[in-house]
Amino acid sequence: MREGARLRLDYSAQSLWRVDRMIEEIGRQGAPYAAVESALRGFGAYAGEVVVRLTGGEWWSSGGDHWVRTPDGRLWDPIDEARRCFHGDGSLRLLCRDATTGTA
């Protein structure tokens, strides 16, 4: 995705601005969800890894679902947030901001 879309993804919180914009653009182009589901999962996983690296959190999984657990015990679902972003009701950038607030 990084090469095809020419996204600069460096695992920084700032890079999630670009990811949000990319997801919004995909949605504006009218792509059917089924056609972009895998890419959205990848964007969500990337955002989750950003949160893990910034907070010292860890990935959790159960029954095929994956979450990030931050050191303060909160659970985050960046993969679902990417889906919500595609539907115009989410933001990976804001999820990261909220997840990193108070955890340093």
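Only this structure's heavy atoms are used, side chains among them; waters, hydrogens and symmetry mates stay out.
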Students should find that the hydrophobic cluster of L75, defined by side-chain heavy atoms under 4.5 Å apart, otherwise consists of W60, W67

Between the OG atom in S91 and the CG atom in D20, the distance rounded to the nearest 0.5 Å is 3.5 Å

In this structure, OG1 of T70 is separated from CG of L54 (nearest 0.5 Å) by 11.5 Å

So CZ of R18 and CD1 of I23: to nearest 0.5 Å the spacing works out to 13.5 Å

ask   = Does V68 belong to the same Ile/Leu/Val/Met/Phe/Trp/Tyr cluster as L9, with side-chain heavy atoms less than 4.5 Å apart forming each link?
value = no

- Hey, mind stepping through R83 and Y33 against side-chain contact (heavy atoms from CB on, under 4.5 Å) and telling me if it holds? CA-CA 9 Å; R83 290 182 199 118; Y33 177 77; 3.0 Å; yes

When rounded to the nearest 0.5 Å, the distance separating CD1 of I26 from SG of C85 is 9.5 Å

Fill in: Carboxylate-amine/guanidinium proximity below 4.0 Å for R21 and E24
no

* Where the side chain of R93 meets the backbone of A13, is there a donor-acceptor pair that is under 3.5 Å apart? -> no

One should read off an interatomic distance between L95 CG and D77 CG, to the nearest 0.5 angstrom, of 8.5 Å

Here the gap from R84 atom CZ to L92 atom CG, rounded to the nearest 0.5 Å, amounts to 10.0 Å

Show me the donor-acceptor pairs within less than 3.5 Å that the side chains of residues 41-51 make with the rest of the protein, sequence neighbours left out.
residue: R41; atom: NH2; partner: H66; partner atom: ND1; Å: 3.3
residue: Y46; atom: OH; partner: D10; partner atom: N; Å: 3.3
residue: Y46; atom: OH; partner: Y11; partner atom: N; Å: 2.8
residue: Y46; atom: OH; partner: S15; partner atom: OG; Å: 2.5
residue: E49; atom: OE1; partner: W59; partner atom: NE1; Å: 3.0
residue: E49; atom: OE2; partner: R53; partner atom: NE; Å: 3.2

